[in-house]
Structure formats: structure tokens, C-alpha cells
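First listed ligand is number 1; within each ligand, the first listed atom is number 1. Model, not experiment: these values are computed from the prediction.
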Amino acid sequence: MKDIEQIKKEAEKKLNAINTQEELDAFLIEYFGRKSGVLNNILKSLKDLSIEEKKEVGKKANQLKEFLQKKAEEKKQVIFQNKIKIQEEKEKIDITAPSKYHKTGGLHPLDYINQKAVSIFESMGFEVVEGPEVENEFYNFDALNIPKHHPARDMQDTFWLDVDSLLLRTQTSAVQVRYMQKNLPPLRIVSPGRVFRRESTDATHEMQFYQIECLVVGKDISLANLKSLLEFFFSGLLEKSQVKVRFRPSYFPFVEPGVEVDVSCFLCRQKGCSVCKNTGWIEVGGAGLVHPNVLETAKISSRDFSGLAFGMGLDRIAMIKYNIDDVRLFYSSDLRFIKQFSK
Ligand code: DAH
């Protein structure tokens, strides 16, 4: 009887220490094995006892057997639940964990400049508007006060399509009247996009390039508004505080007055360098106050409203900013070039 108590204690201790199914299997064999299992050995030993003892020890042995079976079954459940827990832990996804995959690549320099330019205008409440690359003659020229046979058409060598009056737009200014016909002033838009000209390509000319157009129409819009707007814009775009803007009289049929826009050289801070050719100024685009004819074409009263417009090429800005000497690299898909910007 004493032995059975002892065996029970020992078995319980062993069971408690078990963590795996393999350990449990070994335990079951040790205690319940047919040939030399501990319990069988107890039953075998009964033959040497008196009938009274047999009864008592037999009962105890059976109780022990049931007890251990129950405990082993409980252990089996615990092991099984643990296994599931470990599996779940493994499969758990932490959506806040940083990605295992390294981001490779980066923005194309033109995309970078473009996105930056757009976001500055957006921060000032401008709406971003896109126009079609295949445009018609009306919006690209006529509506911008450039009728057929106007000499200004010659300045923008045009890809005409075989279909009547369709062309690849030569300027993002084409978006102006499209938008004004559908929207009442006051309005503020910015329109980035690709434009096309029939050029022989060389280091500074491509037959496609990117422009960004800005148009504001409202009451009493003036050149002073244009200037402060551009100073704010270029300070952000060129990442230099206090970029100065200078206007030089110029001619674009869709604005009056029309100006050429220069910014203070952001490379040498006007000390003089090869990019600004020691003038301290870099030409960046064209601008002016929207010509009354353009407003009227869009059915906006030029008596009640005035507007400002600005357009610039992004390629040249990107070339200066990143010290790129050949515009064709932007469109070459040459990975050696692109990879310089993949940060
Ligand atoms: N569209 C002109 C060009 O491509 C640039 C331009 C000049 C845009 C004056 C304007 C502007 O909005 O007012 O050469």
C-alpha cells in the first residue's frame, strides 16, 4: 500500500514535468505498458498476497490507474492547446511592424519636381486639373488668342494628327479655357502635364517635356499678386528661403501684359556662376495677366474679372537643380542615370 502511494506521488511529479507529446507517450508506456508497465507490475505482484490484501491493493491499484489515466488525458489536452497557441503566435500578423521588404527605387527627378510643385500650389488652395495630351486646335491656339496664321503659332512647332484639327498639345496653357468654360470665377488651378513639340532633339531640346500651368481668375487680380505668388512658389520649389522674382516685358498672345519670369540664381545666390551666366538670374517661365479675349472666349466678363497665368517647363528646372547636362537622359530609361535618384 505504501508503495502505491509512493508510485502515485512519483508519477504525478513526472506528469507535471511533461511538456511534449513525445514525453507523454514515453510516460504512458512506462506506466501502462502491457509487458513491464508499472501498473501491470503491481497487478502481477498481487498473486503473492492474501485475499484480503488482494482486494484492498487491487482496488487501490485500480484507483491509481484511473487517476493516472485522467491526469494523462488532461496533460494531453494541455499539450494540444499549447501547440495551437504556438502555431497561432507564429501566424500572427503585426500590421504595425515595419516591412521586411526594403523599398528600392525612387521618384524620377521630373516626378519629384512635379509633385513638389503641385503640392505647393495645393497648399495655397489651388485645384489640380489635368487636360488631354491630344488636344484640339481651338484650346491649344485659338482660345488662347492665337488664331490661324498668327506668327505665334510658328514658335511652337506642332505635331498635327491626321484627324481634323487635332494635335499633340504644345503647352499646358490649353487647359485654361477648357476649365474656365466649365467653372465660374473665382478660380485657382494648377495643371501639370506633358507637352510636345516637333523639335530636333539635342542636349537641351526634347520633343516631349513637362510643363506646369497656373491660372487664377477673380476680382482685381494684379501683377503684384503674380509676383508674390511666384516668390512663394519658387522659394518652396527650390528649397531656398527668399527666392527673388523679376519680370521682364515679353509677349505671349494670351496675356497682357506678358512677362518673362526670372528667379534669383539659387545655385550661387547671385554671386555669379556659369548657370546664371554671371547675371544672378535664371529664366524659368512665362506669365502675365490673362488677356481679355481669353476671358471672353470662356464667357467670363473681362470687365468684372481679371486673372493671372503662369507657365513653366519642369525639365530645365530639374536639370539645373540636379546638375544634369542632357535633357534626353530623362527619357532614356537608362538605369545608370535613374538609379542616382533612387533614395
Ligand atoms: N505656354 C507658354 C509656353 O509654353 C508659357 C506661358 C507663358 C504660360 C505665359 C503662361 C503665360 O500661362 O501666361 O511657352
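Taking a cutoff of 4.0 Å between a charged side-chain nitrogen and a carboxylate oxygen, Lys219 and Asp304 do not qualify as a salt bridge. Salt-bridge formation is not detected for the pair Glu23/Lys14: no Lys NZ or Arg NE/NH1/NH2 atom is positioned less than 4.0 Å from an Asp or Glu carboxylate oxygen. With respect to Arg197 and Asp157, no salt bridge is recorded, no charged nitrogen being found less than 4.0 Å from a carboxylate O.
A donor-acceptor pair is defined here as one N or O able to donate and one able to accept, closer than 3.5 Å; such a pair exists between the side chain of Lys75 and the backbone of Ile18.
Contact between Met155 and ligand 1 is absent, with no heavy atom of the residue lying under 4.0 Å from the ligand. Between Arg169 and ligand 1 there is no heavy-atom distance shorter than 4.0 Å.
In terms of protein heavy-atom proximity, atom 5 (C) of ligand 1 is closest to Gly311 O, 4.2 Å. If you check which protein heavy atom lies closest to atom 12 (O) of ligand 1, you get Glu213 OE2, 2.7 Å. Nearest to atom 2 (C) of ligand 1 among the protein's heavy atoms is Gln171 OE1, 3.6 Å.
Both the sub-6.0 Å distance and the 45° axial angle are not jointly satisfied by Lys65 relative to the ring of Phe32.
Aromatic ring orientation, Tyr251 versus His150: parallel (interplanar angle below 30°, classes split at 30° and 60°).
Contacts between Met312 and ligand 1 below 4.0 angstrom, taking non-hydrogen atoms only, are absent altogether. For Ser173, every heavy-atom contact with ligand 1 shorter than 4.0 Å involves the side chain, none the backbone. By the criterion of a heavy-atom distance under 4.0 Å, the backbone of Phe310, and not its side chain, is placed next to ligand 1.
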